[in-house]
Amino acid sequence: MPQPRPWPSHGHANGLLGQFTVTGSLDGCLLVFTLAVACALAIDYEVFLLGRIKEEFDQGRTNRDSVVEGIAHTGRLMTSAAAALALSTAAMTTAEVTTPKLVGAGIASAAILDAVLVRGALVPAVMTLLGPANWWSPRAAYRSDGTSRTPRRQAESASETG
């Protein structure tokens, strides 16, 4: 029985990515490198987004309003950054060498997927569903005298959790 091979290794992406030589295999380092870059970018966007949501929450907004305002204030910037990254790395698909061609296609796809699906749908949905549990902090976040290292707010209203 033949072993399954990844989709591009069969040459099916020739029309999409331009002509390239089909070698019958993919270099494992390509996946690791592409995944590492995509994860680093996703974490960077996530820190920026959650920082803005936390600022709104600390100003006294409810959890739901904090998420809405955080997305509203960072949405255009993160979408523009993802589009610029996707466009610049997609330019690598015009290379004659297979390695940068596949890395460029992978990072461009990951940037668009992250901006649209993760930042646009999953993060707001999960944060809204979790409500006050978003702001739970572990015991390690407290000083030895029992006070919090970060400013804490009163519990949100019952209407927010219900």
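Excluded from the calculations below are hydrogen atoms, water molecules and symmetry mates; all remaining heavy atoms, backbone and side chain alike, are included. In this text the structure is predicted, and so the values were computed from the model without any measurement.
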Heavy-atom closest pair, residues [X] and [Y]:
X	Y	value
E56	G70	CG-N, 4.3 Å
T79	G75	OG1-O, 2.7 Å
A108	A86	CB-O, 3.5 Å

*Residues L41, D114; criterion side-chain contact (heavy atoms from CB on, under 4.5 Å); working and verdict*: CA-CA 9 Å; L41 291 168; D114 181 61; 6.0 Å; no

*Passing candidate, side chain to side chain contact (heavy atoms under 4.5 Å, CB included) with P124, options V67, V118, L129*: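 Per the side chain to side chain contact (heavy atoms under 4.5 Å, CB included) rule, the option paired with P124 is V67, out of V67, V118, L129.
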
Establish whether [X] and [Y] are linked, either directly or via other cluster members, by ILVMFWY side-chain heavy-atom contacts under 4.5 Å.
X	Y	result
M78	L122	yes
I112	L102	no
V126	V68	no
L117	V123	yes
L77	L49	yes

Please examine the side chains of [Y] and [X], heavy atoms only from C-beta on, and report whether any two atoms are closer than 4.5 Å.
X	Y	result
W135	I53	yes
N134	F57	no
R52	I71	no

*Pair E55-E69, side-chain contact (heavy atoms from CB on, under 4.5 Å): steps then yes or no*: CA-CA 10 Å; E55 285 177 10; E69 288 297 316; over 6 Å; no

*Sequence neighbours excluded, every pair satisfying side chain to side chain donor-acceptor pair (under 3.5 Å) that has a member inside residues 34-48*: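 Of all non-adjacent pairs touching residues 34-48, those that pass side chain to side chain donor-acceptor pair (under 3.5 Å) are E46-R119.
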
*Walk me through it: do K101 and T94 pass the test side-chain contact (heavy atoms from CB on, under 4.5 Å)?*
CA-CA 7 Å; K101 186 178 290 252; T94 62; over 6 Å; no

*Donor + acceptor pair across side chains of D65, T62 (<3.5 Å)*: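 A pair is found: one side chain offers a donor N or O, the other an acceptor, under 3.5 Å apart.
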
_Just verifying a value: how many Å separate S80 OG and L85 CG, rounded to the nearest 0.5 Å?_
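One gets 12.5 Å once the value is rounded to the nearest 0.5 Å.
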
_Residues clustering with I43 (ILVMFWY side chains joined when closer than 4.5 Å, directly or via others)_ =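 Grouped by the 4.5 Å side-chain rule, V47 form the rest of the cluster around I43.
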
